[in-house]
Amino acid sequence: MRYSNLFIPTMRETPSGINAISHILMLKAGYVRQLAAGLFIFLPLGWRVLNKINVILKEEMERIGAQEISMPILHPAEIWQQTGRWYSIKEEMFRLKDRTGRDMCLGMTHEEIMTWIAAKEIKSYRQLPQIWYQIQTKLRDEARPRGGVLRTREFIMKDSYSFDADNEGLDRSYQMHAEAYHRIFSRCGLRYYQVESDPGIMGDMESHEFMAPTPAGEDEIVLCDQCGYAANIEVAKSNPPIPPKIDMEFSEVYTPNKKSVKEVSEFLGLDERYFIKSLLVITEKEPVLVLIRGDHEINEKKLARIIGEFSFASPEEAHKILGIEIGFIGPLNHKIRLIADKSISKDILYVSGANKKDYHIKGITPEKDFRPEWHDIRKVSEIDRCIKCNAPIRIEKAIEVGNIFKLGTKYSLPLNAIYLDKDGKEKPIIMGSYGIGPARVAAAAIEQNNDQDGIIWPKSIAPFDIEIIPLNMGDSKTTKIAEELYEKVSEIYNSFADRHMEVLIDDRDERPGVKFKDADLIGIPIQVIIGEKGLKEGKIEIKKRRTKESKKVTINKAVVEIVNSYYETY
RNA sequence: CGGGGCGUAGCGCAGACUGGUUAGCGCACCUGCCUUGGGAGCAGGGGGUCGGUGGUUCAAAUCCACUCGCCCCGACCA
C-alpha cells in the first residue's frame, strides 16, 4: 500500500502522563487513539495488526476442530439470572432495559449464551464433542481501565467453549486448547509462560493462564527455572526459609509505643522472622484473627478462599472486638477464630503482642500456647524456594494474554444442557471455556519488542512485511526503482505467512529524516532504502528493523535479497 | 470506591502564587520559494467556549464553590 493514501498519524512528541511503553508507542506510531477511558479506536495500522493476530487465532482454532460462530453482544437478563451471575456480578456488568422495560445486559463473556444454544440443540452423545469459538466484542464496566489497550471497557476476545460427554473428553479438549495456545503465542512472537491460576468465579476446577512477562503487566507470576513450576502469585505456593530456633524465656517485655513488627524487632534486636504478626479481619459472619510470620505478607486472595470476603479491622473496630489497641494484639487467649499461616513453625519460639498496651510476649510456642487452624495464606516472596524442587524462584510481572478454564457442569446444570448417553440416560454436558485477548497480545508484543526509536514487530503480526523508502520523491530514478521494487516484491509469495508479501511504500514528499523516523516508529521488519547516493553505485540498501543491521545490494539482485532478509528476520 | 495529579490551539507546554494590553511559545497545519541519507531553511498565514456552571470583583485563564473529564497508585478485574 501507499503511505500517502494511508492514515498513519504519527506523533513527533511523546504523549505525557502515561507510562506503559505499549500505550505510548501505539499512540505515537499512529496505531490507536483513545475515545474515552477504556475505549480505543484502532486505526488502519492497529487494525491490520489485530487482524494478523486473528488470522493466527483462527488457523490454530480450526486446527483443533473448533468451529467459528458469532453471538450477539446484547443479552436478555433471564439467562444470566438462571446461572446467578446477573446477581453475583455487580457494577462490572453493563445493564440496560429495552423499550418494553425488559432487562438486558451487554455480554462480558459468553458462557451463558453458548450454553443456552447448546442446551437447545445438543440432545445426544452422538453430537459430542463440540468446540465453538468466536472473535467477538466484550463489554465490562471496569473500575479502572489502564495501560492503554491492556485493560479496557470494550475489547475483542477470542473465546471458545468445549462441550463434552464426560470428564475424559473435557481433559482432551482442555489439553488441545493448551497446545493450540502454545502454538498461537509462539507464532505471535511472544515470550510467555503457562501458569497455574485462580479460577475465580469461573468455576472451581483446573485453570491456567498464559502470561507474557513485562514490567507493564498487572499480574505477578512465580517461576522456578529449575523444575518449571509456574503459578500466578494469587495461588502460588513456596517454601520459606525457616530460621534456626532461638531460646527465649516465656515472659512479658515492656515495649512502650512499639507497635509494628519492624519497631519491636529493632527495639528488641531480634530478627522479624521470630515475630508473629496478628491481624484482625472482619468477614460477613465473624471477626477472625489472622497470624503470619513477622517478615511475611498476607495473600488476600488465598485468605478469601478460606474465610470469604473480608476487610481489615480499623483501630476502633479492633478495640471494640478485642479490647486491645492495635499493635499489641497477640495470638493468646482469644475466643474468636484463629487462622495461622503454615510457615509459623511449631518448633520455634516467637514474640507477639501481649494483648496489653505497651507489652509484648516472648517465648510463644505455637500449638502449645495457642491452637489455630493452619492454612497457606502467605504471599510468596522472592527469597522463598520452589515448592516442588526447593530451587530458588523468581517473581515477574506479566500480562495475562490468555486463559483456559475447566467449567464442568457449572453452566450446563442451571441452563439445563442435558444429553442422552448410549444407555439413554440423561447427563449434563461437560464444558470448558478458553479466552485470548488479541489487543493484549499486540500490546505484549510491543512491550517485549521495542527500542528507543519505536516498535519492533515480530514479523508474524507486523502490519506490513516490507517498507520501501524512496528518499527523494523529486528524483525520477529513485521513484522509478522504488515503484519497480514495490510491484515486484508485492508479487512474491510469502511462504512464511502463506500469502503474498505485503509491502508499504513511503511515497510521501517528505524529507529523508522524517521517513526514517516514521519507519523506525511503526516498526515494519524490513526497510528498503532507495537514495541517490546508492543509486550512483547501482545499489539500494536493506535494513532490518530489529538489529539495525543493513546491507547494500545491487539493483538486479534487490528482490531476492529483500526476500532473503525478510526470511532471516524474526 | 479511597488517595494523588492534570485539564490553556492537533501535540508538548508557559501564563495562575501576587486578577488589569489583543492569552503566549515550540512543534504540527496552509501558501510560496528553496532543499532532499536521520524529524531542514526563509517569508507569509489560519486555528482558542483558557473543561463546564455558578459566584466574588469596575475587571477572572488567574480568586471561591460546585461539577465533568482524563492520568497515576490502591481496591476491583468472572
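Per chain, numbering begins at 1; letters A, B, ... match sequence-line order. Please read these numbers as outputs of a predicted model, since none were measured by experiment.
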Practice task
Between C77(B), A75(B), A28(B), spot the one nearest the side chain of Glu142(A), thanks.
Solution key: C77(B)
Problem - Lys517(A) side chain, from C-beta outward: closest of U36(B), G39(B), C77(B) - result: G39(B)
I'd like the [atom1] distance from [M] over to [N], given in whole Å.
N	M	atom1	result
A23(B)	U67(B)	C1'	25 Å
G32(B)	U22(B)	P	35 Å
U62(B)	G54(B)	P	14 Å
C29(B)	A65(B)	P	42 Å
C58(B)	G46(B)	C1'	35 Å
C25(B)	C68(B)	C1'	29 Å
C6(B)	A43(B)	P	38 Å
G55(B)	G45(B)	P	40 Å

Report the distance from atom [atom1] of [X] to atom [atom2] of [N], rounded to the nearest whole Å.
X	N	atom1	atom2	answer
Asn19(A)	C71(B)	CG	C1'	9 Å
Gln527(A)	G37(B)	CD	P	16 Å
Asp506(A)	G38(B)	CG	C1'	13 Å
Met11(A)	A9(B)	CE	C1'	15 Å

For [N] and [X] - does any side-chain N or O of the residue sit under 4.0 Å from the phosphate oxygens OP1/OP2?
X	N	answer
Arg144(A)	C76(B)	no
Asn472(A)	G37(B)	no
Arg511(A)	A40(B)	yes
Ser16(A)	C13(B)	yes

Completion exercise
On RNA chain B, more 5' by nearest nucleotide between Gly38(A) and Lys301(A) is Gly38(A)
Exercise for the section: Nearest-nucleotide wise, let me know which of Met108(A) and Phe516(A) is further upstream toward the 5' end of RNA chain B. Expected result: Phe516(A)
Practice task
Walk me through it: do Glu78(A) and Arg102(A) pass the test salt bridge (charged side-chain N to carboxylate O under 4.0 Å, His left out)?
Solution key: CA-CA 10 Å; Glu78(A) 286 82 1; Arg102(A) 184 184 192 196; 3.5 Å; yes
What are the two closest non-hydrogen atoms of [X] and [Y], and how far apart are they?
X	Y	result
Glu234(A)	Asn299(A)	O-ND2, 3.5 Å
Met211(A)	Glu400(A)	SD-CA, 3.6 Å
Leu170(A)	Met205(A)	CD2-CE, 4.2 Å

Base of [N] paired with side chain of [X] (donor-acceptor, under 3.5 Å):
X	N	answer
Glu532(A)	G37(B)	no
Lys543(A)	G38(B)	yes
Glu510(A)	G39(B)	no

Problem - Pair assignment for A61(B), Watson-Crick or G-U wobble, requiring both distances under 3.5 Å - result: none
Handout entry: Asp159(A) versus Gln134(A), side-chain donor and acceptor atoms under 3.5 Å
Key = yes
Exercise for the section: Quick one: label Gly531(A) by what it contacts on the DNA or RNA (base, sugar-phosphate, nothing), any heavy atom closer than 4.0 Å. Expected result: base
Practice task
Could you check whether Asp520(A) gets within reach of a base, just the sugar-phosphate, or nothing at all, counting any heavy atom under 4.0 Å?
Solution key: base
Problem - Asp376(A) and Lys302(A) ion-paired at < 4.0 Å - result: yes
